[in-house]
Amino acid sequence: MATPSAQLTLNGLARRLVNDGHLPEADALKAQEQSDKKKTPLVSYLVEKDIVDGKIIATAAAEEFGIPLFDIEAIDLEPDITKLVDEKLVRKHHALPLYKRGNRLFVAVSDPANLQALDEIKFHVGANTEAVLVEEGKLKEIIEKAMAGADTSLADLTGDGDLDDLDIGGGDEIEDDSSGDTDLDDAPVVRFVNKILLDAINSGASDIHFEPYEKTYRVRYRRDGVLREVATPPIALSRRISARLKVLSRLDISERRVPQDGRMKMKLSKNRAIDFRVNSCPTLFGEKIVLRILDPTSAQLGIDALGYEPDQKDLYMEALQQPQGMILVTGPTGSGKTVSLYTGLNILNTEDRNISTAEDPVEINLEGINQVNVQPKVGLTFSAALKAFLRQDPDIIMVGEIRDLETGEIAIKAAQTGHLVLSTLHTNDAPQTLSRLINMGIAPFNIASSVSLIIAQRLARRLCKSCKKPADIPREALLEEGFSEEDLPGLKIYKPVGCDQCDGGYKGRVGIYQVMPISDAMARIIMEEGNAIQLADQARKEGIKDLRQSGLLKVKQGVTSLEDVNRVTKE
């Protein structure tokens with residue numbers, strides 16, 4: 001009979017096996033000690049050492065934790081689900097995602113006591129996890145099958161003939177100096193790259209990441225602002241995939257020591273083509289290549305599709321119709337600044353206007369606009385391009401980004417002398433933009449007399465209309481988040497669920513904006529060299545919503561979730 005002190009040291013499943021007579025207490029204590037020492041699950045250790053039969057352990061675990069035993073052989077694996085969690089995490093916790101229902105991910109485990117596994121997978125995937133009990137031996141087999149399926153995904157593409165017909169513009173093939181380890185005519189690699197590009201476009205991704213590591217290689221899409229793994233080709237093909245991408249984007253495939261920039265174009269039909277901006281960067285285990293997908297149709301969506309509130313839209317449209325002045329759009333990389341600017345340029349793009357842009361690089365091609373790719377290596381900088389524009393009778397000038405004092409001063413001079421100037425800056429909100437210009441060395445008087453409107457923005461994910469449902473959030477929590485007492489009566493907040501029409505409860509993105517016209521009072525603060533806090537206070541007095549308030553308004557409207565607004569805005 002077990003001693004009380006020893007009994008207390010056993011965990012739930014080990015104690016159950018002892019009490020049911022399947023395992024002597026001394027053996028159970030030893031097994032638990034050894035599994036802890038080797039950092040392996042107790043169930044795996046018992047089965048591996050043939051101490052207790054896997055079926056007996058599964059039956060005991062089902063009774064101990066009140067979870068029904070699942071016959072994993074009765075279902076077909078869904079590769080899209082099993083790939084939600086990377087192989088390292090699956091093997092670490094001996095847990096495999098099986099299927100998804102709404103926002104719940106069902107994970108096969110042989111030890112339901114392993115709560116750390118469920119928590120880590122929940123954090124990794126961003127969905128609620130629920131354990132499904134599976135016999136240890138069967139789980140081990142199914143994990144090996146799932147992981148092998150992920151590694152052989154590249155070979156499955158060889159039969160997909162349609163992928164050969166894609167028209168992707170490329171550069172001249174340059175011979176590699178690496179003793180022939182890169183076969184550019186490798187059909188499976190060509191088809192794989194074509195499939196990745198096509199799937200990214202069809203799924204609405206904004207970026208594609210090709211990432212080599214020591215023992216793995218992964219491909220991720222950024223969809224609705226969030227990165228998700230979509231493929232794990234064999235690491236042995238890392239260089240071939242990199243070489244294929246570099247050839248398509250006219251990069252030097254023999255140079256792997258320095259970053260390179262390039263472009264490629266994929267023709268989807270006679271009337272539609274997608275541009276990709278490509279960057280390669282040498283990492284510890286090979287070149288990471290990131291493709292930004294540039295869809296020209298995004299600039300033709302119209303201002304109503306971007307998510308501006310009616311009063312914000314009116315302010316933007318009013319500034320666009322001014323004959324001179326400067327409109328600045330600010331926000332972090334990937335916040336939609338380029339689309340906002342190009343939407344404005346599309347509105348202004350008429351026969352009677354001369355519009356010129358300087359960008360690094362040009363992201364969206366628009367007929368009727370003179371676009372210049374800056375190339376600092378040959379002396380074609382933002383400031384050099386601006387000087388040239390001013391000698392070519394411009395009406396409207398767009399500068400991709402104000403990065404230095406010289407570019408800022410030329411842009412402001414243009415805005416003061418009868419030209420409408422549009423540009424971007426990387427700052428957190430509208431008031432900080434003015435402080436940034438002053439810190440750059442631009443005279444406060446010039447800023448006050450030239451800047452007419454500042455738009456700060458972020459992108460939040462839109463809730464799926466098909467599956468979103470009301471969220472139950474306590475009143476105190478809503479007040480802490482920034483809602484007022486007046487907002488609470490009748491306030492209905494929605495949360496993501498997930499269905500076959502969306503990605504985890506979200507579908508598409510919507511802009512969150514702070515649209516701040518420069519009033520006379522703000523101009524005085526600028527000329528007196530006031531700081532961003534003073535400008536923010538003045539904007540508040542004038543009824544201008546900051547990013548947080550605009551985000552909460554989108555939550556009230558049921559467009560996005562409070563969780564996603566918290567992700568992209570800060571108090």
Side-chain angles (χ1 to χ4, degrees), residues 11-14 16-17 31-32 34-49 51-153 213 215-216 218 220 227-232 498 504:
N11 67 26
L13 182 57
R16 181 82 189 201
L17 291 169
Q32 190 169 293
Q34 289 298 315
S35 65
D36 289 343
K37 189 176 180 181
K38 293 185 177 183
K39 295 183 179 179
T40 61
L42 175 64
V43 175
S44 300
Y45 181 84
L46 291 172
V47 174
E48 183 182 328
K49 297 297 182 183
I51 299 172
V52 183
D53 182 71
K55 195 168 185 178
I56 291 174
I57 296 175
T59 304
E63 293 174 359
E64 177 67 19
F65 296 98
I67 300 175
L69 188 56
F70 192 82
D71 183 8
I72 203 167
E73 295 175 342
I75 69 162
D76 293 324
L77 290 180
E78 300 178 33
D80 290 342
I81 300 298
T82 56
K83 288 180 189 174
L84 286 174
V85 180
D86 61 49
E87 182 176 355
K88 187 177 179 182
L89 201 59
V90 168
R91 294 192 184 281
K92 174 186 174 184
H93 290 302
H94 206 58
L96 181 72
L98 289 182
Y99 57 93
K100 202 172 180 184
R101 296 292 180 269
N103 198 38
R104 287 192 303 164
L105 181 66
F106 291 83
V107 181
V109 296
S110 57
D111 184 2
N114 189 3
L115 299 178
Q116 185 187 355
L118 298 175
D119 287 341
E120 280 198 39
I121 291 173
K122 178 180 179 180
F123 178 80
H124 182 85
V125 177
N128 293 324
T129 52
E130 193 165 317
V132 171
L133 184 59
V134 175
E135 187 178 327
E136 168 64 17
K138 291 181 179 180
L139 179 59
K140 187 174 181 180
E141 289 177 10
I142 212 77
I143 285 176
E144 293 302 327
K145 180 180 176 183
M147 295 304 103
D151 283 343
T152 57
S153 60
Y213 298 97
K215 296 179 180 178
T216 59
R218 70 177 176 180
R220 293 190 290 173
L227 280 169
R228 291 273 191 265
E229 184 177 294
V230 294
T232 53

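Values below: every heavy atom of this structure, side chains too, minus hydrogens, waters and symmetry copies. For this chain, numbers begin at 1 and follow the sequence in order.
Between the CD1 atom in I142 and the CG atom in L98 there is a gap of 8.0 Å [rounded to 0.5 Å].
The stretch residues 105-122 participates, sequence neighbours left out, in these salt bridge (charged side-chain N to carboxylate O under 4.0 Å, His left out) pairs: K92-E120.
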Identify all side-chain donor-acceptor contacts of residues 129-139 below 3.5 Å with residues at least two apart in sequence or on another chain.
{"residue": "T129", "atom": "OG1", "partner": "L118", "partner atom": "O", "Å": "3.1"}
{"residue": "E130", "atom": "OE1", "partner": "R104", "partner atom": "NH1", "Å": "2.8"}
{"residue": "E136", "atom": "OE1", "partner": "H94", "partner atom": "NE2", "Å": "3.2"}
{"residue": "E136", "atom": "OE1", "partner": "S110", "partner atom": "OG", "Å": "2.7"}
{"residue": "E136", "atom": "OE2", "partner": "S44", "partner atom": "OG", "Å": "3.3"}
{"residue": "E136", "atom": "OE2", "partner": "H94", "partner atom": "NE2", "Å": "3.0"}

Only distances under 3.5 Å count here; give the side-chain donor-acceptor pairs of residues 54-67 to other protein atoms, sequence neighbours excluded, each with its distance to 0.1 Å.
{"residue": "T59", "atom": "OG1", "partner": "K55", "partner atom": "O", "Å": "2.9"}
{"residue": "E63", "atom": "OE1", "partner": "R16", "partner atom": "NH2", "Å": "3.0"}

**OP:** For side-chain contact (heavy atoms from CB on, under 4.5 Å), just list the numbers for T216 and T232, CA-CA rounded to whole Å, side-chain angles, deciding distance to a tenth of an Å, and then say yes or no.
**Re:** CA-CA 7 Å; T216 59; T232 53; over 6 Å; no
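Scanning all heavy atoms of the two residues, the minimum distance from E229 to R220 falls at CA-CG, 3.6 Å.
Scanning for ring pair (Phe, Tyr, Trp, His ring centres under 6.0 Å) contacts around Y213 gives an empty result, with sequence neighbours left out.
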